[in-house]
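Working notes for the structure below.
Whatever order the structure lists them in is the order used to number ligands and atoms, beginning at 1. Values in this document were obtained by computation on a predicted structure and should not be read as measured data.
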Amino acid sequence: MKVKGAVNIFNEYVFSDFEKQLFVIIADEAKKLNYPSYIVGGYVRDKLLLRDNKKDIDFVCIGSGIELALNVAKKLGKNIHVSVFKNFGTAHFKYNGIDLEFVGARKESYNRDSRKPVVENGTLEDDQNRRDFTMNALAISLNENNYGEIIDPFHGISDIENKIIRTPLDPVITFSDDPLRMMRAIRFATELHFIIEEKTFNGIKESAERINIISPERITDELNKIILSDIPSKGFYLLHESGLLKYIFPEMIDLVGVEMQDGRGHKDNFYHTLEVLDNISLNTNDLWLRWAAVLHDIAKPATKRYFEKQGWAFHGHEVVGSRMVKGIFKRMRLPLDAKMKFVEKMVLLHLRPISLTKENVTDSAIRRLLFDAGEDIESLMLLCKADITTKNRLKVKRYSDNFEMVRQKLKDVEEHDKIQNFQPPVSGELIMKTFNVNPGRKVGLIKDHIKEAILDGIIPNEYEAAYQLMLKKGAELGLTPQHK
Ligand code: ATP
Ligand code: MG
């Protein structure tokens, strides 16, 4: 690390001209107000880590953060809208796509049963004390006498150097004041590949139950960031080990462990799920596909049965699992829209591609898979591939060979039959017009019959063949075409 003690960070690290000019303007405005001011928080941490973080910068001043924000915004341009949060003493505005947040230095104390802090004005030191981790409590001075100096009362620089997450105060106090910090510790450990210092981790273990006072939205924000990390399993292991997981995601706890009967066990589904999640994370940054990996086997505990002949089985876990998605999404305040539907669909279909083996990869099975997966077929294939976690090399080879064969077949069949964006070649309107009937059961039966015939390869996915089949099925149902 290049910064030790009283050196000017602006001479040691790379800052864009934009950043440097912005800080000079803020320093100027703060000086006019006679407010000592500092850059604080994640921006400083990420700068020392050489991590590109241009999305938000936090400033703290000894005085009114709101007044400073208003003056800076005025200086920067006419039409900048400043959002002021009087109750929190903070103000925020966006400038050149960056979120700038200003706060007056605060001293906080918390009521044990609520998240509402009692806030008083404080010194820089008070403000640094109330921050979550030593690495997040660094401040860069914007004041004339020591411009660019890093103020590091808790040895945050050395913790960053050693990749250590540690609370500035006694961890039990820090976590009890705001239990979300426990989630943040694990999220940062996962995102930054840091280690949580032992006393701090023990503090999480001790305070884990207090996570229950935090709103699901805030917990889910952190959980999503864990899921979006390079190696998300690390976060889940820490959540489990710390005791937090059972409060925030009990369904995952049910996946832990191996049951034995007649000397036979099944695989540990917690471990397996996390392997699948890490696997898929190598190939996608899509949060919802990663969620599908988290949830793909979620119903294994609920469907587990032991059969004397075959051993352990989890029949129907994909169906039951896909029905569990909504409840989990609701509780975690995840969106109940198309994204949830996508996750449900992935969980429901996750066994389909791999269940096709050499003997039964018929065109019709492929067409049905294409029809059911639709535009999400690529995502499903990624999930399915990630799901191969067996250590048995022969099995891996067999699964992978099958998988590649399915992939090739999918391509061939789709090129030929265009099933993926299936539009019935004969519409409901045409059926009604042809037989002069109203919407109803018979129209549905005819449409279904045509669809099934196409998927089974009895007729091609074309208008003329579908029209003829419509006439035939109509006749079976006692309908006659009305000729004009
Ligand atoms: P990132 O932006 O990458 O999520 P960050 O550390 O910048 O990380 P923010 O939520 O932007 O996180 O918060 C900015 C700073 O505010 C933090 O660095 C920390 O100093 C402080 N902070 C945020 N949340 C808390 C909290 N729950 N308890 C104590 N301090 C916090
Ligand atoms: Mg930030």
Side-chain angles (χ1 to χ4, degrees), residues 19 38-61 65 85 88-95 97-110 114-119 122 124-140 150-154 156-157 159-160 163-194 196 200 203-204 207 210-211 213-215 217-230 235 244:
E19 288 172 302
Y38 307 85
I39 313 169
V40 285
Y43 174 83
V44 182
R45 176 199 70 222
D46 288 345
K47 194 54 99 176
L48 297 185
L49 280 170
L50 307 177
R51 248 179 130 220
D52 214 14
N53 175 359
K54 301 248 166 62
K55 36 185 185 45
D56 61 324
I57 312 180
D58 298 287
F59 301 92
V60 65
C61 68
F85 306 92
F88 295 96
T90 64
H92 156 269
F93 63 86
K94 242 187 155 72
Y95 181 62
I98 303 179
D99 286 305
L100 303 179
E101 175 114 21
F102 295 78
V103 62
R106 289 178 295 180
K107 194 176 174 164
E108 273 177 16
S109 53
Y110 290 79
S114 108
R115 274 263 46 255
K116 272 226 171 86
V118 185
V119 183
L124 174 67
E125 201 188 333
D126 291 330
D127 196 89
Q128 286 175 303
N129 279 334
R130 72 171 186 86
R131 292 189 178 263
D132 48 4
F133 305 112
T134 58
M135 64 180 184
N136 287 343
L138 298 164
I140 299 174
I150 300 193
I151 298 145
D152 177 17
F154 307 111
I157 294 178
D159 281 346
I160 290 176
K163 298 177 174 287
I164 286 175
I165 295 172
R166 185 198 317 263
T167 55
L169 308 177
D170 179 342
V172 175
I173 294 174
T174 298
F175 293 137
S176 163
D177 282 350
D178 178 0
L180 184 74
R181 293 168 182 165
M182 300 187 282
M183 290 293 300
R184 283 173 58 90
I186 291 175
R187 187 258 289 188
F188 284 126
T190 314
E191 244 180 11
L192 303 175
H193 309 289
F194 274 33
I196 303 175
T200 299
I204 301 182
S207 320
R210 280 182 59 76
I211 198 67
I213 66 166
I214 300 296
S215 73
E217 288 85 351
R218 296 180 76 207
I219 295 174
T220 296
D221 272 353
E222 298 299 328
L223 189 60
N224 282 343
K225 287 182 184 172
I226 290 173
I227 293 176
L228 283 173
S229 303
D230 301 342
L244 284 167

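Around the Mg ion (ligand 2), protein N, O or S atoms at a distance under 2.8 Å total 1; waters are neither shown nor counted.
Judged by distance alone, the side chain of Q128 and the main-chain N or O of A137 form a donor-acceptor pair under 3.5 Å. In this structure, E222 contributes its side chain and M182 its backbone to no donor-acceptor pair below 3.5 Å. Under the 3.5 Å distance criterion, the side-chain polar atoms of R166 are left unmatched by any main-chain donor or acceptor of I196.
Near K225, with a cut-off below 4.0 Å to any heavy atom, the atoms of ligand 1 are 4 (O). Close approach of ligand 1 to G41 (heavy-atom distance below 4.0 Å) involves ligand atoms 18 (O), 20 (O). Close approach to K55 involves these atoms of ligand 1, each under 4.0 Å from a residue heavy atom: 2 (O), 3 (O). Per-residue contacts place R130 under 4.0 angstrom from the following atoms of ligand 1 (heavy atoms of the residue considered): 29 (C), 30 (N). Here is the list of ligand 1 atoms found below 4.0 Å of a heavy atom in D132: 19 (C), 25 (C), 28 (N), 29 (C), 30 (N), 31 (C).
Ring-plane geometry between F102 and F59 is classed as parallel, the angle between the planes falling under 30 degrees on a 0 to 90 degree scale with a further cut at 60.
Contact between F188 and ligand 1 is present, with at least one heavy atom of the residue lying under 4.0 Å from the ligand.
When heavy-atom distances to ligand 1 are checked against a 4.0 Å cut-off, D56 comes that close only through its side chain, counted from C-beta outward. Contact annotation: for D58 versus ligand 1, heavy atoms closer than 4.0 Å belong to the side chain alone.
Considering backbone and side-chain N/O of R45, one or more are found under 3.5 Å from N/O of ligand 1. In terms of polar-atom proximity, Y43 is not counted as a contact of ligand 1, lacking any N or O under 3.5 Å from an N or O of the ligand. Between R51 and ligand 1, not a single N/O pair is under 3.5 Å apart.
Atom 18 (O) of ligand 1 has its nearest heavy-atom neighbour, among G42, P179, P168, in G42. When R184, M135, M183 are checked for heavy-atom proximity to atom 10 (O) of ligand 1, R184 turns out nearest. Summarising the contacts of atom 1 (P) of ligand 1 with R131, E191, Q128, R187, the nearest heavy atom is found in R187.
Nearest heavy-atom pair, G104 versus V60, reported as atom, atom and distance to 0.1 Å: C-CG2, 4.1 Å. Between I226 and M183, the shortest heavy-atom contact is CD1-CE, 4.5 Å.
Qualifying ring-ring contact (aromatic ring centres under 6.0 Å, His included) partners for Y95, counting only residues two or more places apart in sequence or in other chains: F18.
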Trace of the side-chain contact (heavy atoms from CB on, under 4.5 Å) decision for H193 with F188: CA-CA 8 Å; H193 309 289; F188 284 126; over 6 Å; no

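Of the N and O atoms on the side chains of N136 and R131, not one donor lies less than 3.5 Å from an acceptor on the other residue.
Ion pair R51/D46 flagged as a salt bridge, since at least one NZ, NE, NH1 or NH2 atom sits closer than 4.0 Å to an Asp/Glu carboxylate oxygen.
Counting heavy atoms from C-beta outward, T200 and F175 have side chains that approach closer than 4.5 Å. You'll find the side chain of L49 reaches within 4.5 Å of the side chain of L192, heavy atoms only. Residues T167 and T134 are not in side-chain contact: their nearest non-hydrogen atoms beyond the backbone lie 4.5 Å or more apart.
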